[in-house]
2 protein chains.
Amino acid sequence: MTAAETIDAFHRGRFHIVQPRGRGHRAGMDAMLLAALVADEGPIRVADLGAGAGAAGMAVASRLERAEVVLFERSAEMAEFARKSLALPENAAFAARVSTAEADVTLTGKLRNAAGLVDDSFHHVIMNPPFNDAGDRRTPDALKAEAHAMTGDLFESWIRTAGAIMIPGGQLSLIARPQSIGDIIDACGRRFGGVEITPVHPREGENAVRILVTAIKGSKARLSLRAPLVMHDEGTHRFSSFVDDLNNGRASYRRR
Amino acid sequence: MTAAETIDAFHRGRFHIVQPRGRGHRAGMDAMLLAALVADEGPIRVADLGAGAGAAGMAVASRLERAEVVLFERSAEMAEFARKSLALPENAAFAARVSTAEADVTLTGKLRNAAGLVDDSFHHVIMNPPFNDAGDRRTPDALKAEAHAMTGDLFESWIRTAGAIMIPGGQLSLIARPQSIGDIIDACGRRFGGVEITPVHPREGENAVRILVTAIKGSKARLSLRAPLVMHDEGTHRFSSFVDDLNNGRASYRRR
């Protein structure tokens, strides 16, 4: 570890992530909730699109012993952090099942396949797409800006890639902000069905701050809006026990 | 009242609706929740699109003493039921502030204006659009089939009309099924902003069965996903007290 890095523990110390100190998008709760959406004990191949330092993908590999995970990340610098994490002795239990690939997930056709985003080759695709709004204050550093540079049609291109690289019947899982719900549903379009949306609220009575979304490639089932997750019990700063279990890799959040 | 009709009490008897007996769409909880979305004590003009027998619009007029309501309904037979309701002595308190208009809300341009759906003339537009799925069992009677014949682009045409007849800053309110959330957001598009969505769940932990949606004409504010309404307290068949208040016109459901 250099002065420019931190090593952060997740899942109560069951795995660790090397991240740039004070720059870039820092992995946290969002990545852990996203990882909890993969609830599949079998031998599965999982693609983490826009993986950053790899927290979500490694959380899946750490919790699910038969999962093989590929971390796709456009930024060479962030991919290098992921490789440093995988080299940590603390992550030896799953490191052999996780690989990294520098690739732009918005690629299409032959270029996409050549970048390792191979058609019909994953059982699960997870994504925590970057977001940014024209109205937001500009992020001061370039690495963070790149991670947060969500534009209108990014969901379309990311979910298009997810649909291409997934086997029929495979599961897309993502975490996003509520304001993106329309873009996400539109991008799922005819590619995915059985969309399940779970709002995540900080506290009872407050607006949702995130949505958890899963969908099945080729399904014709209707969208459903599930009971919300409420992060904090009333009057406390602690996570509710189920959210704490999701955050710490002790539980998965299964589709209905 | 004839043998083919019923008179049903709403708001604990504060107003009554004449409806066809055993045929057509019957007004109930959905109409009352929809009406609760109008929370405006001032002198307002309200359009109820696809009003049916007029329950939602009359609920608004009954609760808000300064509201003038126009019930727009394509079916001459249903509009006639609305007129019968307005003639009931039980509804005398607000009947003078409610009128009916036979009009197809999917009309456009001059035809729409000629049908009474006049541009920039309403402060509020409410709608409980009919729904039907190709996969649903076919409804046996024609009147009900007409009320439930929601097709893919019906939200587009209904919300287009809502946008046209509303003043800038006016409020759209609707109730729909969760699976329509994408169509609704798309139809709001650039016409409406500040979309607020409230999922309605029968019980805690169960999927939502309805969404309440409000939006403001011309607003640039982002979509928000509000805390859900849970209809029944755990372990009971009674409505939770807030839902009961909404259903009985004792409370409105205000925008944030």
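Numbered from 1 within each chain, the chains take letters A, B, ... in sequence-line order.
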At a 4.5 Å cut-off on heavy atoms, which part of A:Arg203 comes close to chain B: side chain, backbone, both, or neither?
neither

Determine whether more than 12 heavy atoms belonging to other residues, nucleotides or ligands lie under 6.0 Å from atom CD of B:Glu206.
yes

Side chains of A:His201 and B:Pro228 in contact at under 4.5 Å (non-hydrogen atoms)
yes

Top residue by heavy-atom pair count (under 4.5 Å) with chain B, among A:Val230, A:Leu223, A:Ile181?
A:Leu223

Below 4.5 Å, heavy atoms only, C-beta onward: do A:Asn207 and B:Leu225 meet side chain to side chain?
no

What pairs of donor and acceptor atoms, side-chain ones from residues 44-60 of chain B against any protein atom, are under 3.5 angstrom apart with sequence neighbours left out?
| residue | atom | partner | partner atom | Å |
| --- | --- | --- | --- | --- |
| B:Arg45 | NH1 | B:Ser121 | O | 2.9 |
| B:Asp48 | OD2 | B:Gly57 | N | 2.9 |

Look up atom OG in A:Ser180 and atom CZ in B:Arg222, then write down how far apart they are to the nearest 0.5 Å.
9.5 Å

If one checks every heavy atom of A:Ile184 against chain B at 4.5 Å, the contacting part turns out to be neither

Is the number of heavy atoms from other residues, nucleotides or ligands under 6.0 Å of B:Arg256 CZ greater than 12?
yes

Which bit of B:Ile185 comes within less than 4.5 Å of chain A, counting heavy atoms only: side chain, backbone, both or neither?
side chain

